[in-house]
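A note on names: the letters A, B, ... follow the listed sequences, proteins ahead of strands, and every chain is numbered from 1. Since the structure is predicted, the reported quantities are computational estimates derived from the model, not experimental observations.
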2 protein chains.
Amino acid sequence: MSDNKISTAVIKRLPRYYRYLGELIEMGVERISSNELSERMKVTASQIRQDLNNFGGFGQQGYGYNVKYLYDEIARILGLDRTHKVVIIGAGNLGRAIAGYGNFAKRGFLITAIFDINPELTGTDIGETKVSHLSELEEYARHNHIDIAALTIPKTQAVMVADRLYKLGVKAFWNFAHTDLNVPQDCVVESVHLSESLMRISYNLKSMEED
Amino acid sequence: MSDNKISTAVIKRLPRYYRYLGELIEMGVERISSNELSERMKVTASQIRQDLNNFGGFGQQGYGYNVKYLYDEIARILGLDRTHKVVIIGAGNLGRAIAGYGNFAKRGFLITAIFDINPELTGTDIGETKVSHLSELEEYARHNHIDIAALTIPKTQAVMVADRLYKLGVKAFWNFAHTDLNVPQDCVVESVHLSESLMRISYNLKSMEED
DNA sequence: GGAAGATTGTCAATTTTTAAACAAACTTTT
DNA sequence: AAAAGTTTGTTTAAAAATTGACAATCTTCC
């Protein structure tokens, strides 16, 4: 359908465009040029135009881009026009934080189940959702579709649970564990390695001092 | 001291090398070649050698790299040989998750204070740390050094609080709010935009279907 | 409705990043 | 202790990403 193969560098920037366009809508801005957007976002106008043109011509010469239209188009490109059923594995603070974040639901990411290995948590409520014991995962997956699994559990468990989930047909993993998952090629893995993020701060702080 | 200017692409990869080397140490591996490491990490050996050589020659021909030595050197490069005092702004689930994660302390990131705007949370304990009211931020900063501020608050507050923190001398921000901070150039900002991360999953799921 | 001004889409040039190749130098084996 | 085998550090080549430039074309103003 759309031309393969868009570079990952472009994909990484799309959500940020989307965020800025959303803010512009809230501000009541109807149109914007690549030049003005580039000043707000601190990127080059050329990059904005080239990124967008990977997916088609959304703008118009002499006018710029219609904010609402472009916003909706990017949503479509990103697949935000559909709903995604998300299960959370791990009902610790991180799992709770994700479950409780309302903005995800607004973008079509619905928390449909939460699992934890701790029996004491089984049956307790997190937001609208009841925590199930991890042993019920297979039974659940037999009756319910899972688009995305968020893994907010320690690394030792994460790799094994990802295996189990893959066997149940889950193809997308939002991995918060401090490890790489070992799932087959036909999966989407997006890792959020918080400790690596902190280390980059540490490096940048250090290298700032040295100038 | 060390040669400027290392590309950010290299810096992003360093923590991952560090993680793998840590695992090798746990496994009792004493030496490793770039070739073997490249197979484990699924990157090219050439990239590993070139990345490391930005900081000096840590290996030896015919031998490879001493795991423990390289591990320590990367720690030093990343600034993990010092301690960093971290304050958390926002005692919600995300703030709690960060405060409770013991591995950070192991790497020298010490949670020294937690602030929240909600008076009901003031005085409550999170791990070892008591929550203070956000209004006490200035008073606290006058008597205590802050290396890094973690912002786990909504976007509207995050930008303002970052301003306040900058005026108090804080130069590094770990930003979890869904916005860009507007702090001066002499700051380190590391943003963790979870919703953007989710959107990339959505895009990749969609583009996987289309093949 | 025509002229002046603005802005896109795209091509070309530049810069950055990644990968390949290989001489130099060390380790291991015999 | 010499030969055979490894493996690095570095150079060179290739690929990818970013930026610059501009004709084409739309909008706005008069």
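One cannot find a donor-acceptor pair under 3.5 Å joining the base of D:dT7 and the side-chain atoms of B:E36. The base of D:dA17 has none of its N or O atoms less than 3.5 Å from a complementary donor or acceptor on the side chain of A:Q47.
In summary, the side chains of B:N182 and B:Y166 do not present any donor paired with an acceptor at a separation below 3.5 Å, with no hydrogens or angles considered. Side-chain atoms of A:D180 and B:Y20 include a donor-acceptor pair closer than 3.5 Å.
When each of C:dT8, D:dT8, C:dT10 is scored by its nearest atom to the side-chain atoms of B:S34, the top-ranked nucleotide is D:dT8.
Atom pair A:Y69:OH and C:dT8:P shows a separation of 15 Å (rounding to whole Å applied). Computed from coordinates, the B:D51 CG to C:dA19 C1' distance equals 12 Å when rounded to whole Å. Rounded to a whole Å, the CZ atom of B:F58 is 12 Å from the P atom of D:dT10. If you take CZ of A:F55 and P of C:dG9, they are 14 Å apart, rounded to a whole angstrom. Atom CG of B:N54 and atom C1' of D:dG9 are 12 Å apart (whole Å). One atom, CG of B:N53, and another, P of D:dT11, lie 10 Å apart when rounded to the nearest Å. The interatomic distance linking B:Q50 (CD) with C:dA19 (P) rounds to 10 Å, in whole Å. When rounded to the nearest whole Å, the span between CE of B:M41 and C1' of C:dA19 equals 17 Å.
With A:E196 as reference, B:R19 is the one residue of B:R16, B:R19, B:R107, B:R13 to meet the salt bridge (charged side-chain N to carboxylate O under 4.0 Å, His left out) rule.
Ring geometry for A:F109 versus A:H84: interplanar angle under 30°, hence parallel rather than tilted (30 to 60°). Between A:Y18 and A:Y71, the two ring planes are parallel [angle under 30°; tilted spans 30° to 60°].
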In B/S/- notation (B base, S sugar-phosphate only, - none; protein heavy atoms under 4.0 Å), nucleotides 22-30 of chain D written 5' to 3' is B-BBBSS--

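Checking the phosphate oxygens (OP1, OP2) of D:dT7, no side-chain nitrogen or oxygen of B:N35 falls inside 4.0 Å. Within the 4.0 Å cut-off from OP1 or OP2 of D:dT18, not a single side-chain nitrogen or oxygen of A:T44 is found.
At a threshold of 4.5 Å between non-hydrogen side-chain atoms, the residues A:I153 and A:I117 do not count as touching.
Both B:Y65 and A:S46 lie near DNA chain D, and the one whose nearest nucleotide falls closer to the 5' end is B:Y65.
Of all non-hydrogen atoms in B:I98 and B:F104, the two that sit nearest each other are O-CD1, 3.8 Å.
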